[in-house]
*Asks:* 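I have a structure here, written as structure tokens, and I will follow up with some questions on it.
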Amino acid sequence: MCGRYSLTTPVEALRRVFGFLEQPNLAPGYNLAPTQGVAALRLGADGERHFARLRWGLVPAWAKDLSIGARMINARAESVAEKPAFRSRRCLVLADGFYEWRKRETAPKQPYRVTREDGGPFGFAGLWESWTDKGSGETVETCTIVTTEANELLTPIHHRMPVILAPEDVAAWLDAAASPEAAQALLRPCPAAVLVAYPVSTRVNKVANDDPGVIEPLEEGAPEETPKAQGRLL
DNA sequence: CCAGACGTTGTT
DNA sequence: GTCTGG
DNA sequence: CCAGACGTTGTT
DNA sequence: GTCTGG
């Protein structure tokens with residue numbers, strides 16, 4: 001699954017890689033979590049790619065309130081085609097790393113950060129919807145990240161992973177007019193060789209810890225961190 | 001016709 | 001909203 | 001994903 | 001345990 005990720009790449013570099021029109025202000029996100037506003041791309045009616053901030057956690061149009069979104073943070077690739085709640089429009093959620101927690105027998109879960117081998121940004125296959133509050137009339141755009149089975153790199157850590165689209169597949173995913181069969185075929189684990197994974201501090205567990213420290217590699221075999229060590233700032 | 005459901009994750 | 005069940 | 005909350009009564 | 005919030 002994918003319940004936490006990072007996007008620290010400067011917006012200029014994102015524009016070069018993904019080719020969207022806008023020049024938004026984008027603060028680095030070391031520890032992005034559900035219900036937060038995240039950076040995404042959508043295909044506009046003009047056929048161009050547009051940047052959008054979407055609330056992470058899909059809220060279907062029929063929902064009574066936003067609370068369902070906290071649980072709709074992922075959509076299984078295996079069920080995207082059938083489930084009514086996921087008959088949504090496609091988007092690309094921009095990232096440069098994601099976190100997975102490996103369960104351990106005795107010790108607490110060990111978090112890992114997974115990035116591209118070259119450190120560059122990438123896009124998760126996403127779905128988005130628009131929800132309007134019946135009372136206030138306020139509209140909120142929300143999104144979810146599609147997941148699939150783990151590839152060889154992720155299997156020792158976790159059995160699911162987000163769908164990471166190869167750059168050449170992004171256009172086919174974003175174009176809702178493209179064949180559903182072609183889009184469905186993109187929802188598979190990316191090659192293990194393009195990714196690397198490394199353990200990070202359990203400081204990432206806490207959403208409020210949104211600082212460069214949470215993406216720093218944790219030294220293997222290092223003694224358990226003390227609360228004092230966890231509290232130090234960089 | 002109306003009423004009511006509609007979803008994910010995890011489980012080494 | 002859209003679909004299923006009654 | 002993890003962290004943290006999770007409830008009732010009353011209403012002179 | 002289950003649910004919500006970030």
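Lettering of chains follows the sequences in order, A, B, ..., and the numbering in each one begins at 1.
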*Asks:* Would you check if there is a donor-acceptor pair between the side chains of D96(A) and T9(A) at a distance under 3.5 Å?
*Replies:*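 T9(A) vs D96(A): donor-acceptor pair found between side chains.
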*Asks:* Before accepting this row, confirm whether a basic side-chain N of the pair E78(A)/R188(A) lies closer than 4.0 Å to the acidic partner's carboxylate O.
*Replies:*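 R188(A) and E78(A): not salt-bridged.
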*Asks:* Does the ring center of Y5(A) lie less than 6.0 Å from the ring center of W56(A)?
*Replies:*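 Ring centres of W56(A) and Y5(A) closer than 6.0 Å.
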*Asks:* Roughly how far apart, to the nearest Å, are dT4(E) and dT8(B) at atom C1'?
*Replies:*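 Approximately 15 Å lies between the C1' atom of dT4(E) and that of dT8(B).
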*Asks:* Taking only side-chain N and O atoms of H159(A), does any of them lie within less than 4.0 angstrom of OP1 or OP2 on dT12(B)?
*Replies:*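 Looking at the OP1 and OP2 atoms of dT12(B), neither is under 4.0 Å from any side-chain N or O of H159(A).
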*Asks:* Around atom CD of Q184(A), are there more than 12 heavy atoms from other residues, nucleotides or ligands closer than 6.0 Å?
*Replies:*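 Count over threshold, so yes.
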*Asks:* Suppose you measure atom C1' in dT9(B) against the same atom in dC2(D); what distance do you get, rounded to whole Å?
*Replies:*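 To the nearest whole Å, 13 Å.
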*Asks:* Can you check whether R76(A) has a side-chain N or O nearer than 4.0 Å to OP1 or OP2 of dT9(B)?
*Replies:*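 Answer is yes, contact under 4.0 Å.
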*Asks:* With a distance cut-off below 6.0 Å to the six-membered ring centre and an angular limit of 45° from the axis, does R42(A) pair with W128(A) as a cation-pi contact?
*Replies:*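 Positive - R42(A) is close enough to the ring of W128(A) and near enough to its axis.
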*Asks:* Mind checking whether V207(A) and M72(A) sit in one hydrophobic cluster, side chains of I, L, V, M, F, W, Y counted as touching below 4.5 Å?
*Replies:*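 Different clusters: V207(A) never reaches M72(A) through Ile, Leu, Val, Met, Phe, Trp or Tyr contacts under 4.5 Å.
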*Asks:* From the 5' end of DNA chain E to its 3' end, which nucleotides mark the outer limits of contact with chain A, defined by a 4.0 Å heavy-atom distance cut-off (strictly under)?
*Replies:*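 Nucleotide range in contact with chain A: dT4(E) to dG6(E).
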*Asks:* With respect to the phosphate group of dT8(B), does any side-chain polar atom (N or O) of S79(A) fall under 4.0 Å of OP1 or OP2?
*Replies:*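 Yes, S79(A) has a side-chain N/O under 4.0 Å of OP1/OP2 on dT8(B).
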*Asks:* Need one value for R160(A): base, sugar-phosphate or nothing, where a base atom within 4.0 Å counts as base even if backbone is also close, heavy atoms only.
*Replies:*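 Contact class for R160(A): sugar-phosphate only.
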*Asks:* Hydrogens and angles aside, do S130(A) and T139(A) bring a side-chain donor and acceptor to less than 3.5 Å of each other?
*Replies:*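 Per modelled atom types, S130(A) and T139(A) side chains form no pair under 3.5 Å.
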*Asks:* Between F124(A) and F122(A), how do the two ring planes meet: parallel, tilted or perpendicular, split at 30° and 60°?
*Replies:*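 If you compare the ring of F124(A) with that of F122(A), the planes turn out perpendicular.
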*Asks:* Should the pair R203(A)-D211(A) be classified as a salt bridge under the 4.0 Å nitrogen-to-oxygen rule?
*Replies:*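 Looking at D211(A) together with R203(A), the answer is yes, because their closest N to O distance falls below 4.0 Å.
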*Asks:* Using atom P in both nucleotides, what's the gap between dT11(B) and dG1(E) to the nearest angstrom?
*Replies:*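 Taking atom P in both dT11(B) and dG1(E), they lie 14 Å apart.
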*Asks:* What about V204(A) and Y198(A), same hydrophobic cluster or not, with Ile/Leu/Val/Met/Phe/Trp/Tyr joined at side-chain heavy-atom distances under 4.5 Å?
*Replies:*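 The answer is yes; both residues are in one hydrophobic cluster.
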*Asks:* Dot-bracket, 5' to 3', for DNA chain D please: Watson-Crick or G-U pairs under 3.5 Å, [ ] where pairs cross earlier ones, | where the partner sits on another strand, dots elsewhere.
*Replies:* ||||||......
*Asks:* For dG10(B) and dC1(D), measure between their P atoms and round to the nearest Å.
*Replies:*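 The answer is 6 Å between these two P atoms.
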*Asks:* Surrounding CD of Q23(A) (heavy atoms of other residues, nucleotides or ligands, distance under 6.0 Å), is the total greater than 12?
*Replies:*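 No, not enclosed.
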*Asks:* What string of B, S and - do you get for nucleotides 1-7 of chain D, 5' to 3', when a contact is any protein heavy atom under 4.0 Å?
*Replies:* BSSS---
